[in-house]
Amino acid sequence: MLDRTDPTFRESVLKGLAKDPKVLEPKWFYDAAGSALFDEICELPEYYPTRTEKSILEERAAEIASELGNDVILYEPGAGSLQKARILLEALEGLARFIPSDISAAHLEAAASDLRKAFPDIAIDPVACDFTKHLEMPAIADDRPVTIFFPGSTIGNFEPGQAENLLRRFRKETGARQLLIGVDLVKDRETLVAAYDDAAGVTAAFNLNLLKRINRELEADFALHQFQHHALFNESRSRIEMHLESLCEQSVSISGERFDFRDGERIHTENSYKYTPERFASLAGKAGWVKPHLWTDQNRLFGVFLFQSEEAD
Ligand code: AVI
């Protein structure tokens, strides 16, 4: 039988669980079940980022469009199902070209062909690449300026230093002149923790699904009921942390290796950084993105920033 497990998954899991404290990389959340659970998270009453960003994009679409201009190429790294792009494409009347990129070529091509039907006048040129490594430009002769669109507060899942490098790479690898980016803002602890520890337990299922995936793909024997989801706001680092906490002393076997857990020991599975507008503008500035323009909602829960490349100055 064909082994379809990403070889780097095993390596990353074994390495992460050998550390003290134990860690797992959040990029492994998104198998089919994890992606479906994430879509459910986006609909939860407690998870404000998705709907707040969507409402900012919808309500301020005309303003955003006039700042961006039409004569641009819009490039979205990690575009997934292209839901957010639709809002923008509707607002950017006369946009010439849209380049969605995603790690999954099949998923991307299907989403792009739906988008072509809805926007027959826009050239849609999907390109498969892993934006955490490199942004690929499709081979097209079009010298219009590129605008990077990076919604969803995905930037918050990177350590600040990594986020800065990523934003610098986005600029250098595409020659982009503008960056339109969604950023989750710092707010009260209660709102933040509820968004990552919802009453229906969907985020808990999303976090625990990682152990299910390890069991299935890496011949492991995690007893799921012996671990629990834990979300906390680390104020000094301005980030939500997600952990999986062992409910007893136990050992787990993964691909023939044994890992011991103390009662109460945690696996750190995700960080989601929350920024003040000033802190985010300063981070982006270090990556060469200047002149921030911020749109936010009434309660200042979420920010959509437009930056210019310092080269365009
Ligand atoms: C994908 N990312 C922006 C989400 C976040 O809010 O950090 C991932 C997530 N984890 C738990 N809930 C949502």
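Order of listing sets the numbers, starting from 1, for every ligand and every atom in it.
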- Message: If you count every heavy atom of other residues, nucleotides or ligands that lies below 6.0 Å from Asp188 atom CG, does the total exceed 12?
- Response: yes
- For atom CD of Glu159, decide whether the heavy atoms of other residues, nucleotides or ligands shown that lie under 6.0 angstrom number more than 12. yes
- Message: Go through it in stages, so that I can follow the logic: the residues are Arg86 and Glu90, the test is salt bridge (Lys or Arg N to Asp or Glu O under 4.0 Å), and I'd like the CA-CA distance, side-chain angles, deciding distance and then a yes or no.
- Response: CA-CA 6 Å; Arg86 275 174 185 267; Glu90 258 156 42; 5.7 Å; no
Any N or O on [X] sitting closer than 3.5 Å to an N or O of ligand 1?
X: Tyr47; answer: yes
X: Glu270; answer: yes
X: Tyr196; answer: yes
X: Ser272; answer: yes

- Distance-only, no hydrogens or angles: does the Arg51 side chain make a donor-acceptor pair with backbone N or O of Leu44 under 3.5 Å? yes
- Item | Residue pair Tyr30, Phe206: steps toward the ring pair (Phe, Tyr, Trp, His ring centres under 6.0 Å) verdict | CA-CA 9 Å; Tyr30 302 93; Phe206 173 72; 5.7 Å; yes
- Message: Applying the side chain to side chain contact (heavy atoms under 4.5 Å, CB included) criterion to Ile124, which one of Ile99, Leu115, Asp114, Leu82 satisfies it?
- Response: Leu115
Contact between [X] and ligand 1, counting heavy atoms under 4.0 Å?
X: Phe29; value: no
X: Gly152; value: yes
X: Pro49; value: no

- Query: Hey, is Phe38 touching ligand 1 through its side chain, its backbone, both or neither, going by heavy atoms under 4.0 Å?
  - Reply: side chain
- ligand 1-proximal atoms of Tyr30, by part, heavy-atom distance under 4.0 Å: side chain
- Task: Assess Arg213 against Phe9: is NZ or CZ under 6.0 Å from the centre of the six-membered ring, and within 45 degrees of the ring's axis?
- Result: yes
- Item | Those atoms of ligand 1 less than 4.0 Å from some heavy atom in Phe206 | 10 (N), 11 (C)
- What atoms in ligand 1 come closer than 4.0 Å to a heavy atom of Ser153? 3 (C)
- Item | Best match, Asn157, Thr154, Leu44, Val202: closest heavy atom to atom 1 (C) of ligand 1 | Asn157
- Can Arg10 and Ser255 be counted as having a side-chain donor-acceptor contact under 3.5 angstrom? yes
